[in-house]
Amino acid sequence: MRKTARLLLGTILLVALAVAADREPWEVFAGRRARLLEKLSDGVVVLFGYTADEGETLRNPFRQENNFYYLTGWNEPGAILMLTPPMKERNSPVFDQVNQMPRQILFLPGRDPKQERWTGIKIGPYDEGLRDKTGFEAVRGVELFEKELSKAGAGFGRIYTIKPRPRAADRDPEPERAASLEKLAPLTEIADARPAITAMRMVKSPGEVGLIQKATDTTIAAHLAAWKRVKPGLFEYQIAAAMESVFLERGCWRPAYAPIVGGGFNSTVLHYSENSRRMDDGQVLLMDVGGEYGHYATDITRTIPVNGKFTPRQREIYEIVLGAQKAALAAAKPGMSLRTGPNSLHQIAYNYINAHGKDREGNPLGKYFIHGLGHHVGLDVHDPSSPETLLQPGMVITLEPGIYMPEEQLGVRIEDLVLVTEDGAKLLSGALPREPDEVERAMH
Ligand code: GLY
Ligand code: MN
Ligand code: MN
């Protein structure tokens with residue numbers, strides 16, 4: 001091989017490797033589709049990826065709809081996924097027609113060279129080597145979708161898709177999508193694929209945990225960088241900037257949510273993200289900041305003293321929040337409920353807070369813990385979950401107790417990421433100090 005050709009091949013391989021590290025192998029996605037087909041074996045599954053308009057703006061690069069990404073790993077606009085289960089009724093006139101179809105089809109829009117000058121080279125349905133480029137045995141042009149759907153749909157009375165949420169936002173595309181399917185297949189029931197996909201998404205694959213860990217490790221570095229920078233007189237946005245710069249520097253694509261950096265009174269505002277005030281001596285600073293890596297989020301909060309040393313009152317409240325988190329972590333294991341019921345981890349944390357310390361009026365502190373103890377984390381920072389499902393190995397959740405006392409200008413939240421294991425739970429963000437002495441030491 002000529003030297004330039006070898007160099008070129010090497011470059012292509014390197015690029016492929018660099019991309020593959022951010023994404024699980026195609027087989028994992030194909031396996032998820034096969035599992036979904038087993039769960040929804042009485043209907044055709046149709047999922048629409050985001051179009052360029054839905055997933056991309058001048059402000060944000062294209063980011064795929066999460067359920068679609070979970071099943072395909074596909075991050076280009078305008079794709080459609082169709083899954084057809086095997087038909088069991090041998091006597092049906094469409095038995096052969098349906099069973100000879102590919103079970104998993106990815107439909108892609110045609111290439112548009114003019115558009116590609118603006119948005120970059122895309123993969124089209126008539127390109128070479130699509131199996132390696134997409135992980136699908138069958139790739140078709142989107143113009144063939146209606147025809148293939150009517151072929152597959154003839155065998156089933158049901159189409160599963162992502163149905164609109166009960167309170168769909170104006171910009172949600174699902175209502176229009178579901179309506180278009182109803183129009184295409186008027187005699188077919190349109191059923192919701194969301195619960196089945198949510199059940200799958202709640203239990204993470206080792207590859208997903210690896211990506212979440214990568215987001216988490218980068219976020220830990222970002223928090224540590226911020227702690228070194230914090231001092232009285234700086235502005236909250238300067239701390240947010242220090243953290244975001246670590247994300248971007250280390251390959252995170254963006255923050256997983258708007259960074260929350262609040263000093264003093266702002267530490268008591270749960271989703272404060274203006275980050276516009278000056279931090280003063282004697283205040284605490286609450287930083288709820290997490291990065292996104294390879295589509296996966298993390299979600300970490302620490303509360304630190306602006307001048308490097310907690311006051312006795314700040315330390316007292318901090319230790320109560322930490323004690324509540326430790327109590328919940330010690331009880332976290334398969335079979336426990338995160339948030340609902342008298343035996344839930346939430347209740348354990350609440351009881352701890354309510355049994356320790358007092359406010360200025362001498363009342364217990366439970367009423368200052370004003371949010372839920374945690375949530376699932378994955379492709380979404382608030383990953384979908386069904387509240388009645390008990391913890392299982394492979395789930396990734398946050399444990400984030402907090403006490404917020406506006407009258408004392410004092411809010412403390414400690415939020416860590418936890419992987420539920422076979423017999424307990426493991427902190428994924430355990431490398432970031434939590435003990436107050438360690439926090440103070442790390443700041444100096
Ligand atoms: N960062 C949002 C949350 O903690 O849920
Ligand atoms: Mn959270
Ligand atoms: Mn958070």
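Indexing begins at 1, ligand by ligand and atom by atom, following the structure's order. Values in this document were obtained by computation on a predicted structure and should not be read as measured data.
Every atom of ligand 1 with a heavy atom of Asp288 under 4.0 Å away is listed here by number and element: 1 (N), 2 (C), 3 (C), 4 (O). Atoms of ligand 1 lying under 4.0 Å from any heavy atom of Tyr257, numbered from 1 in the order shown and given with element: 1 (N).
Residue, atom and distance of the protein heavy atom nearest to atom 3 (C) of ligand 1 are Asp299 OD2, 3.2 Å.
Taking the charged nitrogens against the carboxylate oxygens, Glu137 and Arg131 do have a contact shorter than 4.0 Å, which makes a salt bridge. Comment: Lys326 does not engage Asp416 in a salt bridge, judged by the lack of any side-chain N to carboxylate O separation of less than 4.0 angstrom. By the 4.0 Å N-to-carboxylate-O rule, Glu76 lies too far from Lys133 to be salt-bridged with it. Residues Glu316 and Arg313 are paired through a salt bridge, judged by an N-O separation under 4.0 Å between the basic side chain and the carboxylate. A salt bridge does not link Arg250 with Asp217: every distance from a Lys NZ or Arg NE/NH1/NH2 to an Asp or Glu carboxylate oxygen is 4.0 Å or more.
For the pair His375 and ligand 1, a heavy-atom separation below 4.0 Å is found. Contact between His382 and ligand 1 is present, with at least one heavy atom of the residue lying under 4.0 Å from the ligand.
Geometry about the Mn ion (ligand 2) gives an angle of 80° between OE2 of Glu415 and OE2 of Glu400, rounded in steps of 10 degrees. Our summary of the site lists the angle at the Mn ion (ligand 3) between OD1 of Asp288 and OD1 of Asp299 as 90°, to the nearest 10 degrees.
Side-chain atoms of Gln347 and Asn343 include no donor-acceptor pair closer than 3.5 Å.
Of the possible polar contacts, none joining the His295 side chain to the Leu379 backbone as a donor-acceptor pair under 3.5 Å is found.
Considering both main-chain and side-chain atoms, His271 never comes within under 3.5 Å of ligand 1 through any nitrogen or oxygen pair.
Backbone or side-chain N, O or S atoms of His382 do not reach the Mn ion (ligand 2) at under 2.8 Å.
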